[in-house]
Amino acid sequence: MTLIALALLAPDARAGAWTREVGHFYAKAGASVYTATRFVPPGAAEPVKLNFWSQQYQLYGEGAARLQGGRSRCSRRSASAPSRAR
């Protein structure tokens, strides 16, 4: 009950759009690798044997550049690789 009251009394959270300054950039790379040899489905008493392997890679970047004529341009790029089951 207290949590609901606090949520109703909390001020609105607002944020405007933001972009990188011209000539600045942000880049992030990530990776995740994991395996599993057993899986217990919901409601099952016994695990199921399997050979699952996942390998995920993520790349993300954004930046701003000055174009001819004095205009600015912001750009964002993102890529990732899907999981696979063997």
Side-chain angles (χ1 to χ4, degrees):
M1 185 69 162
T2 304
L3 186 60
I4 293 171
L6 288 174
L8 292 173
L9 296 174
D12 291 340
R14 297 176 188 220
W18 65 87
T19 58
R20 297 275 164 205
E21 295 289 327
V22 173
H24 290 90
F25 66 93
Y26 172 79
K28 178 181 177 180
S32 175
V33 179
Y34 55 92
T35 63
T37 57
R38 294 184 302 163
F39 172 70
V40 181
E46 295 293 319
V48 175
K49 289 186 178 183
L50 56 80
N51 188 15
F52 180 79
W53 171 77
S54 177
Q55 193 172 27
Q56 300 174 345
Y57 298 96
Q58 302 87 28
L59 297 173
Y60 176 82
E62 64 184 49
R66 175 99 35 216
L67 301 176
Q68 289 181 344
R71 297 188 330 255
S72 294
R73 176 177 176 204
C74 293
S75 132
R76 290 187 168 96
R77 299 283 185 256
S78 181
S80 62
S83 300
R84 287 184 264 162
R86 294 196 258 173

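In this chain, residues are counted from 1 in sequence order.
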Is it true that L50 and Y34 fall in one hydrophobic cluster, defined by side-chain heavy atoms closer than 4.5 Å?
yes
Look up atom CD1 in I4 and atom CG in L9, then write down how far apart they are to the nearest 0.5 Å.
12.0 Å
Test side-chain contact (heavy atoms from CB on, under 4.5 Å) applied to V33 - qualifying residues, sequence neighbours left out
W53, Q55
Atom pair CD (E46) and CZ (R38), whose distance is rounded to the nearest 0.5 Å:
10.0 Å
